[in-house]
Structure formats: C-alpha cells, structure tokens
Amino acid sequence: MHSNEIRDQVLSVLTTIAPEVEPDDIRDDGLLRDQVDLDSMDWLNFLIGIHKRLNIDIPESDYAGLRTLTDVVRYVDQHSAQRG
C-alpha cells in the first residue's frame, strides 16, 4: 500500500470517529488531536480503528509518537512493510 492510500485510509478512520471533520482541512504536520478536537477516548477509538482497518498492531507504548497525520501514516507504512 502506498503512502497516499494509507493516508486516505487513516483519514477515513478519522472521519468515522469524528464525522464533522473535513479531510481536506487536515494538515499532515499539525497535531491531529488539536486539529480535530478529539478527547482521549476518541483518540483511543481512532487508534483502534487504524488497527482494525489496516491490521496494524499499535502497542500502547507507541501511542505517544503518533501525534500528526504524517506520524500515523509513517507508522502504518513501516509496520505493514514489516509484516510483508
């Protein structure tokens, strides 16, 4: 899966959690939680959604590093490549 496809999937999960979000308004390098005003429960649901949609395990120890759209896309890209 290419980065653009991953990005689209991540945004799709995000808009499932926060339907009011306009994907075109999301900046890749801005803090996601600030951009879409997600509380900690929504953020957790977002990460779980990424796990379910893209079949990527995200251990809790990695949550802190996933702050921007770029972070999430890169993480998924790296971990899907490891699965082969």
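Quick caveat: nothing in here was measured; it's all calculated off a predicted structure.
- Residue pairs meeting the side chain to side chain donor-acceptor pair (under 3.5 Å) criterion with at least one partner in residues 62-77, sequence neighbours excluded, are D62-Y75, T68-D71.
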Apply the test side chain to side chain contact (heavy atoms under 4.5 Å, CB included) to residues M1 and V76: give CA-CA distance (whole Å), side-chain angles for both, the deciding distance (0.1 Å), then the verdict. CA-CA 10 Å; M1 193 179 308; V76 169; 5.9 Å; no

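- In this view, D39 and M41, D42 satisfy the side-chain contact (heavy atoms from CB on, under 4.5 Å) rule, not counting sequence neighbours.
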So L32 and L38, side chain to side chain contact (heavy atoms under 4.5 Å, CB included) or not? Walk me through it. CA-CA 8 Å; L32 264 178; L38 295 179; 6.0 Å; no

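- The NE2 atom of H79 lies 8.5 Å from the CD1 atom of I58; values are rounded to the nearest 0.5 Å.
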Cut-off 3.5 Å, no hydrogens considered: what does the side-chain donor-acceptor table look like for residues 2-9, sequence neighbours left out?
residue	atom	partner	partner atom	Å
H2	ND1	E5	OE1	3.1
E5	OE1	H2	N	2.8
R7	NE	D28	OD1	2.7
R7	NH2	D28	OD1	3.1
Q9	OE1	R53	NH1	3.2

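- Under a hydrophobic-cluster definition in which Ile, Leu, Val, Met, Phe, Trp and Tyr are linked whenever side-chain heavy atoms come within less than 4.5 Å, directly or via other members, I17 and L31 are assigned to different clusters.
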Name every donor-acceptor pair, under 3.5 Å, that has one atom in a side chain of residues 18-27 and the other anywhere in the protein, sequence neighbours excluded.
none

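- Put simply, the side chain of L11 reaches to within 4.5 Å of the side chain of L14, judged on heavy atoms.
- Residue pairs meeting the ring-ring contact (aromatic ring centres under 6.0 Å, His included) criterion with at least one member in residues 26-48, sequence neighbours excluded, are W43-F46.
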